[in-house]
Amino acid sequence: MTMRSRKTSDNITLDQENLIPEPKRNQRRWRIAYTAIYFTRLLVSLSKKALERQTKILRSLSYVAVDVHDDTFQHENKLGSLTHVDQRTLNDIIKEKNLESLNKLGGVIQVATILETDVKDGTREADAAFRRDVFGANRFKKPPSKSFLSFVIEACKDPTIIILLVCAIMSLVFGIKQHGLKNGWYDGGSIIVAVVLVIAVSAISNFKQSKQFEKLSDESRDITVQVVRDGRHNHISIFDVVVGDVVSLKIGDQIPADGLFLHGYSLKVDESSMTGESDHVEVNGSENPFLLSGTKVTDGFGFMLVTSVGMNTAWGEMMSSISRDLDEQTPLQARLNKLTSYIGKVGLTVAILVLAVMMIRYFTGNTRDDNGRKEYYGSKTKVSDVLDSVVSIIAAAVTIVVVAIPEGLPLAVTLTLAYSMKKMMKDNAMVRKLSACETMGSATTICTDKTGTLTLNQMKVTEFCLGKETIEDKTEIESEVYQLLQEGVALNTTGTVNKSHPNLVPEIIGSPTEKAILSWAVMDLGMDINETKGKCEIIHVETFNSEKKRSGVLMRKNSEKAIHSHWKGAAEMILAICSNYYVRNGELRDLNEEEKMQFGAIIQKGVQFRNYSPAERIAKIDNIQVMARSSPFDKLLMVQCLKEKGHVVAVTGDGTNDAPALKEADIGLSMGIQGTEVAKESSDIVILDDNFTSVVTVLRWGRCVYNNIQKFIQFQLTVNVAALVINFVAAVSSGKVPLTAVQLLWVNLIMDTLGALALATEQPTNDLMAKPPVGRLEPLITKIMWRNLLAQALYQVTILLTLQFKGKAIFGVDEEVKNTLIFNTFVLCQVFNEFNARKLEKMNIFKGIHKNKLFLAIIGITIILQVLMVELLKKFASTERLNWQQWGACIAIAVLSWPIGCLVKCIPVSCKRTQIH
C-alpha cells in the first residue's frame, strides 16, 4: 500500500530507505554532479590565477578532496516530496481507524518519515507555510451567513407592516384618482416611505449585530495548542497547526486535528462529540493509535502526529454542515417576547375598538371634515370617497397596533448584548453563550476556585521538609535522598525543561504545580532533569487526575534490574500509602500509627460536606464560606444545593475537575490562560487574563445589561401607554386621531431604534455594585418602574388631551397647527423622558452623561430630525410650520417631565432583594 500520488512513469517504493519517486532521485543526482563539476573547475581556475601571480612554484598536496553539501537543496527536495503524499488514503485510514492498513504502510513511524517529521524535534518552523499550502489550513468552512436581503425579508414578514403597506397602496391609488398624481400621492406615499424606513433601519441593525456575533463566535473557537517545532515546545493558535506537527496532549486538552499517537502514557479521550458514546477510549501505539479532531483528553498525557487538518478531518466534515446558533434566544428575550405579546394584544384590542368607533361614527354621519361638513351622506357619497375614508380609518387603527407593540424591546436586548459582548471582550472576558451576559447580572452567589483565580496561578516552592524538619540548603540533603528526589522530580512529571544554551535560563513548560517543582529542582537544587531522564527507563506511568489525586511512575535505571516507583500528589493520598520516611541524616524510619496521626493532623480533610445528609447540606449551605480540598463531586453538590435554595450561581474554574460544576451553574466562568479546553467548553464566559478582577467586571456588565434593558422597558412603555390613550380617547370623542399613520411610524422609529441604541449603550457604574443582585424571581417590571412610567404617561396624556380639546382656543390656531403642536409636544416629551430613563432611582439624571457620547449624539439627531419633520417635510408628515412661541411652548411642556420625574422618585416603593455571597 502506498501514500504517494502515482504516475505511470514513477517507480515508487515505500520502505525507509527509498521514499522519493525515481525521476526525482535522478534529478537530484544530476544536480549534485553538476554542482561538484562546477565547483572543481572553479578551484582549478583559481589555482591557475594564483600560479600566474606567484614568482615561486607553490607546493601542492598530492590530491584535493571536495565534499559538496547542499543542505538547503536537500531539505527543499524532501519538502517537495510532500506534494506526492496521497492525502485521501491517509485521511481514510485515520477516520476509519484502520489499523491493518496503517501496519501495511509501515506504522506510525513510517507515516512520520513520509511527512518529513522528526518524532522528537517535530517540524521546522520555517516549513509551516509550505505545509499549509500543500495540506490546507486548520480551519473549517462555515455555511454561508445570512445575507442583508434575508433580514429585509424577515422585517417585511411582520403582519402589521404588510397591512400598513396594503393600506398605503390603496390610499395611494384612491388619492391619485381623487386629487391627481401631483397632490394625490402624499398620504399613501408618505406611509410607504415611512414603512420602508422602518424596515431598512430594522434590517440594518439586525444585520450588523449578526455579523458581530459571528465574529465573536469565530474568536471563541480560537484555542491555544502546544506543538514541538525545531525541538522547542511552542504555544500556537489551533488555526496554525499544520500536517506533520507534533502536538503535546494533556488532561483537558482538545485534540486540534486528526492524527496518530506517537508516545505517552495512560492516554484516554472522550469521543462522545464524534460517536455519541460516553465511554472514554484508551489510545496507545499498539491497538488504537488514532486520534480525532474535536475530541477531549480525559486522562494521561502524550504526543500526537498531525496527519489531517481542517476540512480533511472527521470533525471538519461534521462542522461543514453545522453552524453555531446565532439566533439563540436568551431567557430575558423569551420573557420580553411574552411581554411584547401581551402588550400587543392590548394594543390590538384598542385598535379594534378605535376601528369600530370610527367606522360607526363615519357611517352614521357623525364624522366631519376640516370645514365642518359631513363626510358621509349615505347613497349620495361617492364610492371612491367611501373607500378612501375607510382606508384612512383602517390605516389609523393599524398604526395604533404598530405603536402599541413594543418591537423595540427585542432590538434593545440585541443591541445591549452585542454592545456588552464587545466591551467585555476588551475587558478580557469572552462570551461563549449570549444568555450569560444577562444572567450574570442576577448572580446571587459566586463560587470561585482559589488557585489561578484569586491567586495569580504562579506557584513557587517555599519550603522543603525531610521528615518533620525543614531543609534550608541542598547540602543538608544526603546523597541517597537527593538521588531519589532527583528521579522523582525528573521522571514523575508531565512538564518539560528546554535549555538551548548552557548559559541561558531554561524554559520550563507545564502546569503551575509542575513548573514550580521543576523550577525549584533546576534553579535551587541544581538538578539536570534531562540527564536524569536519559539514565532511566520509564516502564509505566499513572497520570494525575482529580479523582485519584496522585500520579506515579514505575522506572528502573539503565544499569540496574531493580524497579522503583515514585509517587506525588495530595498529601493525604500519599500519606495513606507510605510505610517509611526519611529524616535529615538520610536514615529511613518506620511510619507508625502515632506518627501517621501527627502527619495527618497537619492535613485537613472540608470530606464532611459530602457526608452530610441532603437536609443538612441545604440547612448549612448558606453559612459555608470556604471548602478546602474539595473534589469535583463536592463542587457539584454545592452548586446544586445553592440552586435548590433559589440562588443564581456563578462558578469559576480552570481544571477538568471543575467541568461538572461549570456546567451545572447558571453561569460558568473558565480561565483562558491556564484553563483546560474541557473547562472552557463547559463554561459560558472565558476570562482571558485569569484574573478575578475580570470576574467582577463581568458581574458589572451583567448588571448593566439587565439595568439598561429595564431602562428601555420603562421608556418604551411610557410611549405605548400615552399613544394608546391619546388616540383612543380622541377617536371615541371626535372620530379622528390627532397623530397620523406617518407621525406614529416616526415615533415608533425614533423610540424603538434610536431610543434602544441610546439606552442600551449606557456604561456600567459603581452604583450597580452597591445594590443587591436582582435574583431569580424578581419581576421584569418592578414597582419602581411602574411608579416612574405611570407618572410620566399620566402627565403626557393630560397635556396632550388638553391640547386636543382646548389647543385651538389656547393658542388661537387652526386644526392642522393644533395637531402639529400635539405631535411635536409628544415627540419632545419622549426625548426629555429619555434622560429620566437613564436613572430609575437616582434624582441626578445627568450623572455620567458626558461619558456616553452616543446617547448625546442620538438625542441631537432626534431633535434635528424632528425639526425637519415639522418645518420642512410638511406634506410627508402632515404638519404645519410652527413659530418660535409655539416651539417654546412645546419645549417648556416637555422639559416639565424632568421635575416631575424627580418628584415621583420621592415616593417610597418597597423593594426586597437577596444579598450576594
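Below, each value reflects all heavy atoms present in this structure, side chains not excepted, and no hydrogens, waters or symmetry copies.
The two residues Ser442 and Pro773 make their nearest non-hydrogen contact at O-CB, 4.2 Å. Minimum interatomic distance between Ser670 and Lys680 (heavy atoms only, all atoms of both residues): OG-CA, 3.4 Å. Shown here for Thr493 and Phe301, the closest heavy-atom pair between the two residues is O-CZ, 4.4 Å. When all heavy atoms are compared, the tightest approach of Pro256 to Ile238 is CB-CG1, 3.7 Å. The two residues Asp658 and Gly653 have their closest heavy-atom pair at OD2-CA, 3.4 Å. Here the closest non-hydrogen pair linking Gln710 and Leu780 is NE2-O, 3.2 Å.
Taking the salt bridge (charged side-chain N to carboxylate O under 4.0 Å, His left out) definition, one finds that Arg700 meets it with nothing, sequence neighbours left out. Not counting sequence neighbours, Lys711 has no partner by the salt bridge (charged side-chain N to carboxylate O under 4.0 Å, His left out) test. Here Ser266 pairs with nothing under the side chain to side chain donor-acceptor pair (under 3.5 Å) rule; sequence neighbours left out. The salt bridge (charged side-chain N to carboxylate O under 4.0 Å, His left out) check on Asp684 picks up nothing, with sequence neighbours excluded. By the salt bridge (charged side-chain N to carboxylate O under 4.0 Å, His left out) test, Lys568 pairs with Glu514, sequence neighbours left out. Partners of Phe261 by ring pair (Phe, Tyr, Trp, His ring centres under 6.0 Å), not counting sequence neighbours: none found. Applying the side chain to side chain donor-acceptor pair (under 3.5 Å) test to Ser248 and every residue at least two apart in sequence or in another chain returns nothing. In terms of the side chain to side chain contact (heavy atoms under 4.5 Å, CB included) criterion, residue partners of Ile509 (sequence neighbours excluded) are, by chain and number, Gln226, His233, His235, Thr496, Asn498, Glu507. The side chain to side chain donor-acceptor pair (under 3.5 Å) test applied to Lys296 returns no partner, not counting sequence neighbours. Applying the side chain to side chain contact (heavy atoms under 4.5 Å, CB included) rule to Ile709 yields the partners Leu332, Leu336, Val413, Thr416, Val705, Ile713; only residues at least two apart in sequence or on another chain are considered. Under the side chain to side chain contact (heavy atoms under 4.5 Å, CB included) criterion, Asp299 pairs with Ile251, Lys268, Thr543, Asn545, Lys548, not counting sequence neighbours. The side chain to side chain donor-acceptor pair (under 3.5 Å) test applied to Glu644 returns no partner, not counting sequence neighbours.
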Open item on the list: Evaluate Glu542 against Arg550 for salt bridge (Lys or Arg N to Asp or Glu O under 4.0 Å), listing each step before the verdict.
Closed with: CA-CA 8 Å; Glu542 190 76 18; Arg550 66 182 185 185; over 6 Å; no
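Side-chain contact between Asp270 and Thr295 is absent, with no heavy-atom pair separated by less than 4.5 Å.
In this structure, Arg139 forms a cation-pi arrangement with Phe239, its terminal cationic atom sitting closer than 6.0 Å to the ring centre and no more than 45° off the ring axis.
The backbone N or O of Met638 lies less than 3.5 Å from no partner atom in the side chain of Arg617, so there is not a single donor-acceptor pair. Panel note: side chain Asp666, backbone Val649; a donor-acceptor pair is recorded below 3.5 Å.
Taking 4.0 Å as the cut-off between side-chain N and carboxylate O, Glu664 and Lys635 do not count as a salt-bridged pair.
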